[in-house]
Amino acid sequence: MSLHLLRPARRLAALTAVSLAGLLVLGTGAASAHVTVGSADAAPGGYGKTTFRVPNESDAASTVALRVQVPTDTPLTSLRARPVPGWTITLPPTTIDPPVEVHGETVDTAVSVVEFRAEPGGGIAPGEFQEFALSGGPFPDADSLTFAAVQTYSDGSESAWIEPIVEGQAEPQYPAPVLALTSTDAAPVSSDAGTPAASEEEGNGTAVTALVLAVLGLLAGLGGLFLGLTARRRTVAS
């Protein structure tokens, strides 16, 4: 086979490989996408902002609603939602029976469900995602907090993200969003915490060295001038 026939064949093979790789990546992404929750400041006993990330997994329908169940055995007595354009948000209070004690106070009502619902014609289209944020607390004295969630599509189907994640076992198909709570009891000390002070001392030492060298240079210059004048006087005198 001639060289000019081999080149198109090689190009076709390369394009085919790239296309297959792209399909594999897309397939992996679609299979692993699910509703998650995260926070940068949620800590046991404290208050913070939690963000739910909701990808749309359907190829033909839009996500039009998300219902998040807030645990009532460890209720968040203060809970607010950040407005999202094109969505309505409801946080109906629920009676807690029996009441629970939070920070020394008896709590008998709290938000148990937060619903985000898209306005008619809106929602999260295929290939898109949306984030919904809540702010509140206090968070329980625990390492994590689980929020069950139900995602509703415009075709009437639902994805119930309610399956518990068990350590040591494979992740379920529809895992419930789990919020990791960070501890603020003892902030870790950085191993290079002394670097700024060390740099300052180093800078001060450099400045002193430069000053000493400048003074020595000045003295050397004056000494040279003195010797020069002395030599001149001797020459004139002779």
Side-chain angles (χ1 to χ4, degrees), residues 28-44 46-96 100 109-120 122-140 142-167 169-182:
T28 303
S32 61
H34 52 264
V35 176
T36 58
V37 61
S39 176
D41 55 0
Y47 296 76
K49 171 187 172 184
T50 59
T51 302
F52 292 85
R53 178 170 296 178
V54 184
N56 187 39
E57 293 187 308
S58 175
D59 296 329
S62 298
T63 296
V64 295
L66 177 73
R67 298 192 304 277
V68 178
Q69 182 177 350
V70 182
T72 55
D73 54 342
T74 54
L76 305 181
T77 57
S78 174
L79 195 63
R80 295 174 176 83
R82 184 180 66 184
V84 181
W87 294 74
T88 58
I89 307 171
T90 56
L91 300 86
T94 300
T95 300
I96 301 176
V100 296
T109 59
V111 173
S112 61
V113 176
V114 180
E115 183 179 65
F116 303 87
R117 183 166 292 276
E119 297 176 355
I124 309 171
E128 298 180 350
F129 77 94
Q130 180 61 272
E131 291 183 339
F132 304 97
L134 299 174
S135 178
F139 292 101
D143 295 330
S144 61
L145 188 62
T146 300
F147 297 87
V150 177
Q151 182 177 8
T152 304
Y153 290 92
S154 56
D155 60 2
S157 61
E158 292 186 335
S159 293
W161 305 97
I162 60 175
E163 299 181 64
I165 298 177
V166 180
E167 186 176 356
Q169 297 184 10
E171 182 178 271
Q173 184 177 1
Y174 294 98
V178 177
L179 175 66
L181 300 177
T182 58

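Bear in mind that the values here come from a model prediction, so they are computed numbers and not experimental data.
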Any chance the side chains of [X] and [Y] put a donor and an acceptor closer than 3.5 Å?
X      : Y     : result
Arg53  : Thr51 : no
Asn56  : Ser58 : no
Glu119 : Trp87 : no

Distance-minimising heavy-atom pair for [X] and [Y]:
X      : Y      : answer
Ala61  : Pro126 : O-CG, 3.6 Å
Asp41  : Gly48  : OD1-CA, 3.4 Å
Leu91  : Ile89  : CD1-CG2, 3.8 Å
Pro172 : Glu163 : CB-OE1, 3.4 Å
Gln130 : Ile124 : CB-CD1, 3.4 Å
Pro177 : Val37  : CB-CG1, 3.6 Å

Checklist entry - Of all residues at least two apart in sequence or in a different chain, which pass the salt bridge (Lys or Arg N to Asp or Glu O under 4.0 Å) check with Arg82? => result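 Once residues adjacent in sequence are excluded, Arg82 has no partner under the salt bridge (Lys or Arg N to Asp or Glu O under 4.0 Å) criterion.
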Item to check | Stepwise side-chain contact (heavy atoms from CB on, under 4.5 Å) test for Ile165 and Val178 | outcome: CA-CA 8 Å; Ile165 298 177; Val178 177; 4.2 Å; yes
Using side-chain heavy atoms (C-beta onward) and a distance below 4.5 Å, is [X] in contact with [Y]?
X      : Y      : answer
Pro71  : Thr146 : no
Ser39  : Leu179 : yes
Ser135 : Tyr47  : no
Ser159 : Tyr153 : yes
Pro175 : Trp161 : yes

Next on the checklist: So does Ala110 get a backbone contact from the side chain of Thr72, meaning a donor-acceptor N/O pair under 3.5 Å?
Outcome noted: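 No, because the side chain of Thr72 does not come within donor-acceptor range (under 3.5 Å) of the backbone of Ala110.
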Next on the checklist: Looking at Thr90 and Pro92, would you say the former's side chain and the latter's main chain have a donor-acceptor pair under 3.5 Å?
Outcome noted: no
Item to check | side-chain contact (heavy atoms from CB on, under 4.5 Å) between Val68 and Leu66, intermediate numbers included | outcome: CA-CA 6 Å; Val68 178; Leu66 177 73; 3.9 Å; yes
Roughly how far apart are [X] [atom1] and [Y] [atom2], rounded to 0.5 Å?
X      : Y      : atom1 : atom2 : value
Gln173 : Glu171 : CD    : CD    : 10.5 Å
Glu158 : Thr63  : CD    : OG1   : 11.0 Å
Gln151 : Tyr174 : CD    : OH    : 9.5 Å
Leu134 : Lys49  : CG    : NZ    : 10.5 Å
Ile96  : Asp73  : CD1   : CG    : 9.0 Å
Leu145 : Thr50  : CG    : OG1   : 9.0 Å

Next on the checklist: Quick one, Phe52 with Phe147, criterion ring-ring contact (aromatic ring centres under 6.0 Å, His included). Give me CA distance, side-chain angles, the key distance, then yes/no.
Outcome noted: CA-CA 10 Å; Phe52 292 85; Phe147 297 87; 5.4 Å; yes
Next on the checklist: Could you go through Val64 and Ser154, starting from their C-alpha distance and side-chain angles, then the distance that decides it, and tell me whether this counts as side-chain contact (heavy atoms from CB on, under 4.5 Å)?
Outcome noted: CA-CA 6 Å; Val64 295; Ser154 56; 3.8 Å; yes
Next on the checklist: Apply side-chain contact (heavy atoms from CB on, under 4.5 Å) to residues Leu181 and Asp143 and explain how you reach the verdict.
Outcome noted: CA-CA 5 Å; Leu181 300 177; Asp143 295 330; over 6 Å; no
Item to check | Heavy atoms of other groups near Asp59 CG, more than 12 under 6.0 Å | outcome: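 Incorrect, the count does not exceed 12.
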Item to check | side chain to side chain donor-acceptor pair (under 3.5 Å) partners of Ser112, counting only residues at least two apart | outcome: Thr94
Item to check | Test side chain to side chain donor-acceptor pair (under 3.5 Å) applied to Thr95 - qualifying residues, sequence neighbours left out | outcome: none
